[in-house]
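Take a look at the structure set out below.
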Protein chains: 2
Amino acid sequence: MQKVRTGLRELKKQRTRDALLRAALELFTTQGYEQTTVDEITDAVEVSQRTFFRYFANKEEAALSVQLLAEAQFLAALRERPPEESPFEALNRSVLASWDSIGEAIEAVIPVELHMRTYQLIESTPALLAAHLRHSAELEEEVAQLIAAREGLDVNTDPRPRIAVAAYTGVMRMTGRIWGQGQDLSVDAIRELTVTYLGHIGPALAGNWRNSPAPGVRGA
Amino acid sequence: MQKVRTGLRELKKQRTRDALLRAALELFTTQGYEQTTVDEITDAVEVSQRTFFRYFANKEEAALSVQLLAEAQFLAALRERPPEESPFEALNRSVLASWDSIGEAIEAVIPVELHMRTYQLIESTPALLAAHLRHSAELEEEVAQLIAAREGLDVNTDPRPRIAVAAYTGVMRMTGRIWGQGQDLSVDAIRELTVTYLGHIGPALAGNWRNSPAPGVRGA
DNA sequence: GAGGTTAGTGTCAGCTGCTGACAGTTGACA
DNA sequence: TGTCAACTGTCAGCAGCTGACACTAACCTC
């Protein structure tokens, strides 16, 4: 992420980008995404509007850029899982690992707490949620390719990797949604939810719910 | 959908809305969504731009409105499934039933062929795909509520309905994506894909792929 | 069937997101 | 030190979208 060319120019560039990002997220999370104009952001950083659009393709991208970082980290984690793990094992461990290391990866750019508030903002802002879901769909395909490769399968001839990953990421997204509706914005909260929902994916798909116990979960 | 107040006023209203919709979809599918301006649409129908925005909240809504109709039909079908069917049985039958009856439901508004082209347009246009995914997420929650009600469960205390539905709709979305990348735009094609992928959801989640046969499916 | 009411439309003015073009400035590097 | 390239600012302009208000045509009542 951070260019190491270490010129004074690169430094300043990084600074303005960070400043823009921080100002944007701060404004978004305090007064709302739609209510915040690009002019307000650039005024806060004292650059021109044109500069904003040189760093971010659009307003959305600013709101989602940290999220992208987190997704990249998840992918990286998945790539490093040992191949003898089963697909779901590898996925589970990657998800949890990326939640655990979220702090170090993000803190360099913005406070984790701001990131969590932004996450919730995304879930509650239709335009941002839409864009986020589209990114997730792209991520899904990459994950499917990875999983298929692990198992020595071809995504185009064997539908199972894509199906499994689609089901899995469906549950992950749902977890994020439920978390966003709740009160507890901490990393621990979403981590816990993740464990709960991913852990129950087996029983949920087994059917026959009426005769088996309902695993407890606190309401939204 | 159609107001039955049968005044001359309502009639004209319906006409302009249909004309706007048809013109919009025709232009979108022939020259692209982003490349089509609202002015072009309103020029084709000979109304003012302002009128367009009285019928559709935004450009997106015009592109997605028929899709919404299809989703409503799926929901209606699901509501009418007999309660003794298992969740997945009810879901499967509803999906297939709504594909079968797509013709009659849509044809009143636009040609089915145009609808299919629009569907593919949505899958291949980032902005539309994003909005579509957001709608799907809303639909997902409704479906989860329905399924939970069928089984006499509460969505907030038993995570299984939401998990199952999330996994299921994840696979459904993936099916739409794969279809959109293919050549065959027919209803039959997507129906067949749906059967294939939904049918393999069990084996896919069972794990242990390396030792079991790969169900054949033709590539994208 | 005249007259008032109301729904639907057009016009206009204006904001916001976003882009291309061009000029100015400042760091990099010989 | 001077040249080049990168980054930024300014300006002009388009497209999406909205509020306000005036106008027209369908509706309803007497």
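In what follows, chains carry the letters A, B, and so on, assigned in the order in which the sequence lines appear, proteins first and then strands, with residues in each chain numbered from 1. Quantities reported herein were computed from a predicted structural model and do not represent experimental measurements. Note that these values count all heavy atoms, side chains included, but never hydrogens, waters or copies made by symmetry.
Contact annotation: B:Thr16 side-chain N/O to C:dT9 OP1/OP2 distance is under 4.0 Å.
In this structure, B:Glu60 atom CD and C:dG17 atom P are separated by 16 Å, rounded to whole Å. Spacing between atom CG of B:Leu8 and atom C1' of C:dG8 amounts to 12 Å, rounded to whole angstrom units. Between the P atom of D:dA6 and the CG atom of A:Leu11 lies a distance of 18 Å, rounded to the nearest Å. Atom-to-atom, NZ of B:Lys59 to P of C:dC18 comes out at 14 Å; the value is rounded to the nearest Å. In this structure, NZ of B:Lys13 is placed 14 Å from P of C:dG10, rounded to the nearest angstrom. Remark: P of C:dG8 and CG of B:Asp18 are 15 Å apart, rounded to the nearest angstrom. For the pair A:Gln35 CD and C:dG17 P, the interatomic distance rounds to 11 Å; values are reported in whole Å. To the nearest angstrom, C1' of C:dG17 lies 13 Å from CD of B:Glu34.
Judged by distance alone, the side chains of A:Glu141 and A:Gln145 do bring a donor and an acceptor atom under 3.5 Å apart.
One finds no salt bridge joining A:Glu26 and A:Arg22 here, because no Lys/Arg side-chain nitrogen approaches an Asp/Glu carboxylate oxygen to under 4.0 Å.
If B:Lys12 and B:Asn58 are placed on DNA chain D by their nearest nucleotide, the residue sitting closer to the 5' end is B:Asn58.
Taking every heavy atom of residues 43-57 of chain A and every atom of DNA chain C, pairs under 4.0 Å involve A:Gln49, A:Arg50, A:Phe53, A:Arg54, A:Ala57, by number. A heavy atom lying under 4.0 Å from DNA chain C marks none of the residues of residues 21-29 of chain A.
A donor-acceptor distance shorter than 3.5 angstrom exists from the side chain of A:Thr157 to the backbone of A:Asp154, with no hydrogens or angles considered. Although no hydrogens or angles enter the test, the distance criterion places no donor-acceptor pair under 3.5 Å between the side chain of A:Thr51 and the main chain of A:Val47.
Between B:Ala167 and A:Leu205 the shortest heavy-atom distance is CB-CD2, 4.1 Å. A pairwise comparison of heavy atoms in B:Phe53 and B:Lys59 identifies CE2-N, 4.5 Å as the closest pair. Considering all non-hydrogen atoms of both residues, B:Ile163 and A:Ala204 come closest at CG2-CB, 3.6 Å.
A distance of 13.5 Å separates NE2 in B:His200 from CZ in A:Arg162, rounded to the nearest 0.5 Å.
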May I have the step-by-step check of side-chain contact (heavy atoms from CB on, under 4.5 Å) for A:Thr118 and A:Leu64, ending in yes or no? CA-CA 8 Å; A:Thr118 303; A:Leu64 297 173; over 6 Å; no
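Within 4.0 Å (heavy atoms only), B:Thr42 reaches no atom of the nucleic acid at all.
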